[in-house]
Amino acid sequence: MTSLPHLPHLRILILEDDETDYARLVEALQVAGLAATTTHASDVTRFLVALDEPYDLIIADYSVPPFNADEAIGIVRGRGIDTPIIVVTSSVDDEAAVRCIQAGASDYLLKDRLARLGSAVERALVEHGLRQDNVVMEARLSYVLNYDEVTGLLKRALLDDRLERMLPILGPGDRLAVHFLDIDAFKDVNDTRGQEAGDDILRQVARRLETAVDIGDSVARLSGGKFAVLQGKVAAVGDIAIMADRLIRSFDAPFEVGGQQLFITASSGVAVFPEDGLDVMALFSAADMAMYEAKQAGRNRFQFSRPEFGEVARDRVNLTSDLRRALDENTLTVAFQPIISARDGMVVAVEALARLATPTRGAVGPAEFIPIAESAGLIHELGHQVHSISFMWLRQWIDAGHDIALNLNVSPHVFRHPGFEDQLGESARKYGVDPAHVTVEITESAIMEAAGDALALIHRLRAKGYGVAVDDFGTRFSMLASLRLPLTSLKIDKTFIDDLESDERSRLIAKVTTDLGHGLGLIVVAEGVETAAQRDILLELGVDEFQGYLYARPMPGEAIRDFIAANKRKTGVG
């Protein structure tokens, strides 16, 4: 008996529909001196189930109805399983043997010559091991060529390739940006603290940059203390400025080196496609030159290649700083716009609207600072503060005897944030607010972008008692899909209200929307009502509630109390 002690204990799957032939195969393995645990698949179904487990080797009878071994090999390889396969057969068929080998079999044996099984198994396992070694070697070579050994980031060549692939697929109006960053005085760190400390800093910088960028952006180490970030497909220069500022700010916190804290800064240069170049070479060259200009200007800053972009960047960064300061110092304010019942003219709810006052520009509208909050990663904190302030005022109004509801505008970014639901509950508990007094307003885009997650969240909010309204209804093609959700109200978008007096189509859309909402048991709200003529048309159409300048502009929380009291006197209530 031949012994093969150098082979480990094997797990072997045998596809064989004849019990006698299966026993002969097991015996042949034993005679060959192979230590093995065998699993018997007597038909195709058992074989497919058995493939869920890992094996060192598969032995397959050529003919196991309803398919032949070459088809079985195709199924195994189709599942991504690279296990070596030996085919055994009762009769000589050269064409069948060729098909099996072409399909991926390691060997093809006759059942009456199983004395060759031991050597066939050894050869199959050795060849498989060599293939695996080659795969590992190729993967290692690919890693060394494309990824930095110290930080694990991309190397310049792979970043070049990604940029080359991105440029042709950009559409009209699309931009991308290349950010070059260089650690200020990095050579001094290496000289005074040694290469090991320098490498540690490089790894920490790499992790911070990876955290700062958005999904889909690429981070690379170019050389020494020099890094690059490829920011893909953005429309506005302001968004590029936000990213540039975020990358520089990622260096603000001290670095831990050898148990000590070390403060390090970086300088960055930014090039923008298509303005600064149409190819990789031009963009990289522009970013590199801008980076050195940032160093000459005093370091610890970013510099755009084009001066006119620098003006836009400064405005955007200043506004971002103002917003961040307002959030840090809790100086953000909230205004409230009343929502009026069409039935009796009573104030039934107020909508909370964030307000930002800046030292240099004065009051800034939400249309300008909400996108900045989203780009700068501040939107969740902004939402949290707006909701907390709004709940505080709601508590005061209720305590003053006013039965009123609060409508909260929730941006898509906040709605998708995993902490939104908990934050909402935290504010409600803090101020003792019943969720029945709160309606969450979300846009159709937020619903469609979050898809199944949105559906689950809306169901949970409704189960807790919150109302849910679709804001800006009718502005997207997806509007009918959103009505399948457990909503409580919908708001006809202001764009339709503006044209009610002159456009028959707008009146028809408002009518259809109102009838559709009522048919689904929803409250229909018209937003942006500014004239008595608009109000009269909407009354005729059957809209339930009005919101707009005809009734009141947004006002501070203190003024809402007086407005509600005056409204009660006017309508003969209270």
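Keep in mind that what you see is a predicted model, and the values were worked out from it rather than measured.
Once rounded to the nearest 0.5 Å, the distance linking CG of Asp245 with OG of Ser321 reads 6.0 Å. Separating the OG1 atom in Thr333 from the CG atom in Leu356 is a distance of 7.5 Å, to the nearest 0.5 Å. The distance from atom OH of Tyr466 to atom CD1 of Ile458, rounded to the nearest 0.5 Å, is 14.5 Å. With rounding to the nearest 0.5 Å, the separation of CG in Leu490 from CG in Leu516 is 7.5 Å. Taking CG of Leu408 as the start and CG of Leu394 as the end, the distance is 9.0 Å to the nearest 0.5 Å. Rounding to the nearest 0.5 angstrom, the gap separating the CG atom in Leu209 from the CG atom in Asp217 is 11.5 Å.
For the 3.5 Å distance criterion, the side chains of Arg162 and Ser218 qualify, holding a donor opposite an acceptor.
Formation of a donor-acceptor pair under 3.5 Å by the Ser388 side chain with backbone atoms of His384 is not found in this model. Asp184 places a side-chain N or O within 3.5 Å of a backbone atom of Asn300 that can act as its donor or acceptor partner.
Salt bridge present: Asp322 and Arg325 bring a charged side-chain N and a carboxylate O closer than 4.0 Å. Comment: Arg246 engages Asp214 in a salt bridge, judged by a side-chain N to carboxylate O separation of less than 4.0 angstrom.
When the shell of 6.0 Å around CE of Met166 is examined, it contains more than 12 heavy atoms from other residues, nucleotides or ligands.
Evaluated for a side-chain contact (heavy atoms from CB on, under 4.5 Å) with Ile183, the options Thr265, Ile264, Val189 yield exactly one hit, Ile264. If you run ring-ring contact (aromatic ring centres under 6.0 Å, His included) between Phe180 and each of Phe302, Tyr292, Phe284, Phe304, only Phe284 comes through.
Of all the heavy atoms in Met555 and Ile560, the pair that sits closest is CG-CD1, 3.6 Å. The two residues Trp397 and Gly557 make their nearest non-hydrogen contact at NE1-O, 3.3 Å. Shortest non-hydrogen contact noted between Pro338 and Arg553 is CD-O, 4.2 Å.
At least one side-chain heavy atom of Lys233 sits under 4.5 Å from a side-chain heavy atom of Leu170.
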Atom pairs and distances, donor-acceptor, side-chain atoms in residues 533-540, under 3.5 Å, two or more places apart:
unit_1: Gln534; atom_1: OE1; unit_2: Glu530; atom_2: N; d: 2.8
unit_1: Gln534; atom_1: OE1; unit_2: Thr531; atom_2: N; d: 3.3
unit_1: Gln534; atom_1: NE2; unit_2: Ile497; atom_2: O; d: 3.2

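Note on ring orientation: taking the six-membered ring where Trp is involved, the planes of Phe420 and His387 are perpendicular (angle over 60°, cut-offs 30° and 60°).
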